[in-house]
2 protein chains.
Amino acid sequence: MECIAPRLPIAAAPDSRGDAARCSACAMQKICIPKNGDSSTLISIEAIIRRARSLRRGQYLYGAGHTLHYLFAVRSGAVKTIMRTSDGREQIVGIYGPGDTLGLDGLATGQHALDAVATDESSICLIPYDMFRQLCHDVPAVQHRLTEIMGQQVIRDANLKMLSSMQPMEARVVAFLIELSQLNVRRGFSPREFNIGMTRAEIGNYLGTTLETVCRVMSALSRDRVIEVQGKRVRVLDFDSLRARLDSSSTRTSTANLTPRPGTLDRVSQKQPQTRSKRQIRDYALEQSPFG
Amino acid sequence: MECIAPRLPIAAAPDSRGDAARCSACAMQKICIPKNGDSSTLISIEAIIRRARSLRRGQYLYGAGHTLHYLFAVRSGAVKTIMRTSDGREQIVGIYGPGDTLGLDGLATGQHALDAVATDESSICLIPYDMFRQLCHDVPAVQHRLTEIMGQQVIRDANLKMLSSMQPMEARVVAFLIELSQLNVRRGFSPREFNIGMTRAEIGNYLGTTLETVCRVMSALSRDRVIEVQGKRVRVLDFDSLRARLDSSSTRTSTANLTPRPGTLDRVSQKQPQTRSKRQIRDYALEQSPFG
DNA sequence: CGAGGGATTGAATGGAGTCAATACACGTGG
DNA sequence: CCACGTGTATTGACTCCATTCAATCCCTCG
């Protein structure tokens with residue numbers, strides 16, 4: 001099996017001359033490196049990170065069951081993480097672009113739980129995990145950054161769950177496009193133009209629908225002059241219209257309020273004088289106010 | 001707003017006499033505490049954990065925007081984490097039962113990104129985050145455990161994504177039931193009988209469908225003598241039938257192979273002699289074999 | 001230039017959402 | 001103790017949106 005990077009212990013990679021990364025010159029630096037660390041922090045990180053390797057579309061970064069040897073940072077391109085059903089079909093469970101960190105699925109057991117595959121030509125930095133762990137121990141700022149990254153992953157996953165639960169399929173695709181746009185911004189690029197680093201089939205899989213539906217929605221958006229599409233290249237023409245299509249035709253799957261809303265009393269609930277409303281206000285278990 | 005636990009700095013809670021937890025006596029110990037730590041580790045953890053507080057159904061543990069003051073460990077009951085759409089509808093993004101850890105959504109920014117609400121009467125341990133962080137720094141085993149927990153969360157989220165992408169709605173509900181059963185085992189209880197700590201509406205929301213559909217599927221399973229249902233109490237009668245309903249009627253959303261399958265060559269791919277197949281075998285970027 | 005993978009569009013079927021009525025369980029107050 | 005009310009669960013009937021199946025187009029690469 002082919003590889004772009006060395007197995008541990010390090011074997012010389014074909015295109016490898018001096019294996020250290022040049023983080024100080026990397027555009028993704030702001031995302032990868034702890035902000036609050038001093039210059040020595042950056043240096044110590046640079047010392048262990050292996051410079052970027054390039055992947056072709058379809059190449060595996062790691063597979064479920066592999067020992068966790070590296071964490072990965074995407075420099076450019078796009079990578080998906082996938083899970084397989086018993087009967088072999090795949091489900092995409094995460095997508096990663098420039099500045100994102102991969103491999104966290106291996107932290108629990110030391111073995112990766114997912115497959116990671118490039119969906120596009122990509123460039124990836126390797127972070128040997130044992131060295132990184134040592135660094136975490138020595139440099140609190142690095143440990144803190146790792147914690148941050150894991151915390152971000154959790155939030156990301158929550159957002160994904162939200163996204164792929166949206167009611168009409170149109171809303172899902174729209175939410176997906178908005179998400180991509182926002183990610184693009186976070187990476188310092190334009191919110192109005194970007195490319196989806198994957199096929200329609202992959203988008204469909206990711207969003208829990210079919211490639212045809214994705215196509216139809218994007219065609220419709222294109223016809224209505226909300227976006228322009230050419231293959232994987234997307235340009236947003238009208239953000240307001242785009243956002244408008246999120247709520248419109250909101251079905252009722254998430255019925256009324258499963259849970260009482262934020263702050264103050266409900267009009268209805270006036271009929272209970274001092275025995276604090278049992279359900280009409282948020283019932284906090286801790287003595288702190290929101291945003292406290 | 002009412003609370004079961006003190007705001008920092010600690011205020012006396014009504015039912016609080018001596019605030020330390022008794023982890024050494026807790027059934028969830030094996031799940032909460034680092035395995036590889038010595039007895040002093042357990043003691044130092046016990047020293048900072050506040051003993052369990054009880055929550056009524058609907059009570060908030062924390063809300064999006066709150067400062068991260070505690071991590072939480074579920075002792076008994078059930079808690080959901082939710083996100084809200086711009087127009088106020090809620091989406092359940094996670095469910096947590098005995099032995100699970102909550103609050104990780106606050107690690108990235110120091111503010112919680114989600115709401116956490118009890119879906120059932122629950123008992124929750126509080127772990128003051130600043131002290132815990134200090135402990136992480138002092139005791140590597142604790143840091144390691146935190147990393148493990150975060151890693152598990154990532155895997156959990158991936159599983160959830162998988163689960164709620166299943167094709168026929170029946171499969172989703174079935175997968176959900178199996179999941180619950182497995183969790184129950186992990187907690188040392190029976191795989192055959194358990195209670196779903198939430199309403200049909202919440203299940204529907206969680207699975208991305210409606211409460212009616214959930215009802216119908218469970219009725220059907222019940223009619224076919226695969227499970228027995230009484231309200232939130234479920235008893236599995238026939239695990240094989242249950243699992244059988246996962247793949248059956250597998251639609252094709254995740255079309256053929258988006259990505260080439262595991263190991264060996266495809267029959268088709270024989271027609272490329274030595275120029276290593278470009279797509280018919282897994283194309284590993286790293287020089288390690290699966291499960292290496 | 002031909003082959004193959006990806007994207008697009010059409011037409012038909014069916015599954016799941018929607019609306020609505022009813023049953024059930026629980027806690028409250030008369 | 002029972003009537004009542006609210007929240008939850010169950011079941012039915014109808015409609016429609018998304019999946020399916022299928023045909024065509026486009027682009028890239030050998």
Side-chain angles (χ1 to χ4, degrees), chain A residues 56-58 119-121 165-173 196-205 207-223 229-234 248-260 266 268-269 271-272 275 277-280, chain B residues 56-58 119-121 165-173 196-205 207-223 229-234 248-260 268-269 271-272 275 278-280:
Chain A
R56 297 187 307 279
R57 172 166 168 65
T119 60
D120 206 353
E121 318 300 308
S165 303
M166 305 225 79
Q167 298 322 122
M169 287 301 165
E170 182 185 61
R172 262 186 231 190
V173 177
I196 341 173
M198 45 184 174
T199 68
R200 299 287 185 272
E202 286 168 328
I203 300 172
N205 179 300
L207 298 179
T209 183
T210 60
L211 68 112
E212 291 96 330
T213 300
V214 173
C215 254
R216 277 185 247 274
V217 170
M218 289 182 61
S219 295
L221 291 174
S222 199
R223 179 168 11 86
V229 187
Q230 306 173 62
K232 298 185 181 168
R233 201 86 211 154
V234 174
S248 64
S249 72
S250 64
T251 42
R252 179 232 45 171
T253 289
S254 324
T255 315
N257 297 346
L258 296 182
T259 313
D266 220 279
V268 195
S269 67
K271 48 155 149 181
Q272 33 75 61
T275 10
S277 158
K278 216 184 280 174
R279 281 302 197 61
Q280 295 305 332
Chain B
R56 297 186 308 277
R57 171 166 169 66
T119 61
D120 204 353
E121 318 301 308
S165 304
M166 306 226 78
Q167 296 323 121
M169 286 301 165
E170 181 185 62
R172 262 187 230 189
V173 177
I196 339 171
M198 45 183 174
T199 67
R200 300 286 186 273
E202 286 169 328
I203 300 171
N205 179 300
L207 297 179
T209 181
T210 61
L211 69 115
E212 292 94 329
T213 301
V214 173
C215 254
R216 277 185 248 273
V217 171
M218 290 183 61
S219 296
L221 292 173
S222 199
R223 178 167 11 86
V229 188
Q230 305 173 63
K232 297 184 180 166
R233 201 85 210 156
V234 175
S248 64
S249 72
S250 64
T251 40
R252 178 234 45 173
T253 290
S254 324
T255 315
N257 298 346
L258 296 181
T259 314
V268 196
S269 67
K271 48 156 149 179
Q272 32 77 64
T275 11
K278 216 185 277 177
R279 281 304 196 64
Q280 296 305 333

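Residue numbering restarts at 1 for every chain, and letters A, B, ... go by the order of the sequence lines. Side chains are part of it too, since the values below use all heavy atoms of this structure and drop only hydrogens, waters and symmetry mates. Predicted model, so just to flag it, every value in this text is computed and none were measured.
For B:S219, a side-chain nitrogen or oxygen approaches OP1 or OP2 of D:dT11 to under 4.0 Å. In this model, the phosphate group of D:dC29 is not approached by any side-chain N or O of A:R57 to a distance below 4.0 Å at OP1 or OP2.
Of the candidates C:dA7, C:dA20, D:dA9, the closest approach to any side-chain atom of A:K232 belongs to C:dA7. Of the candidate nucleotides D:dT10, C:dA7, C:dT9, C:dT9 has the atom nearest to the side chain of A:E212. Between D:dT10, C:dT8, C:dG6, one nucleotide has an atom nearer to the side chain of B:C215 than all others, and that is D:dT10.
Atom C1' of nucleotide C:dT8 and atom CG of A:L221 are separated by 15 Å, given to the nearest angstrom. Regarding B:L207, its CG atom lies at a distance of 11 Å from the P atom of C:dG17, rounded to whole Å. When the P atom of C:dA16 is taken as reference, atom CE of B:M166 falls 13 Å away, rounded to whole Å. The separation between B:I196 atom CD1 and D:dA9 atom C1' is 12 Å, rounded to whole Å. For the pair A:Q230 CD and C:dA7 C1', the interatomic distance rounds to 13 Å; values are reported in whole Å. Regarding B:L211, its CG atom lies at a distance of 12 Å from the C1' atom of D:dG7, rounded to whole Å. Whole-Å rounding puts the B:E202 CD to D:dG7 C1' distance at 12 Å. The CZ-P distance, from B:R200 to C:dC24, rounds to 15 Å in whole Å.
For A:R216 against D:dT20, a side-chain N or O and a base N or O form a donor-acceptor pair under 3.5 Å.
The structure places OG1 of B:T259 at 6.0 Å from CD of A:E202, a figure rounded to the nearest 0.5 Å. Atom OG1 of A:T209 sits about 11.0 Å away from atom CD1 of A:I203, to the nearest 0.5 Å. A:N205 contributes atom CG, which lies 11.0 Å from atom OG1 of A:T210 (distance to the nearest 0.5 angstrom). Taking CE of B:M169 as the start and OG1 of B:T213 as the end, the distance is 7.0 Å to the nearest 0.5 Å.
One end of the helix from C:dC1-D:dG30 to C:dG30-D:dC1 points its axis 30° away from the other end's axis, with each axis taken from 5 pairs and the angle rounded to 10°.
Under the 3.5 Å distance criterion, the side-chain polar atoms of B:T119 are matched with a main-chain donor or acceptor of B:G197.
For the side chain to side chain contact (heavy atoms under 4.5 Å, CB included) test, residues two or more places apart in sequence or in another chain that qualify with A:M218 are A:V173, A:I196, A:R200, A:V214, A:V229, A:V234.
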Filtered N/O pairs between nucleotides 16-18 of chain D and protein, under 3.5 Å:
from	atom 1	to	atom 2	distance (Å)
D:dA18	OP1	A:M169	N	2.9

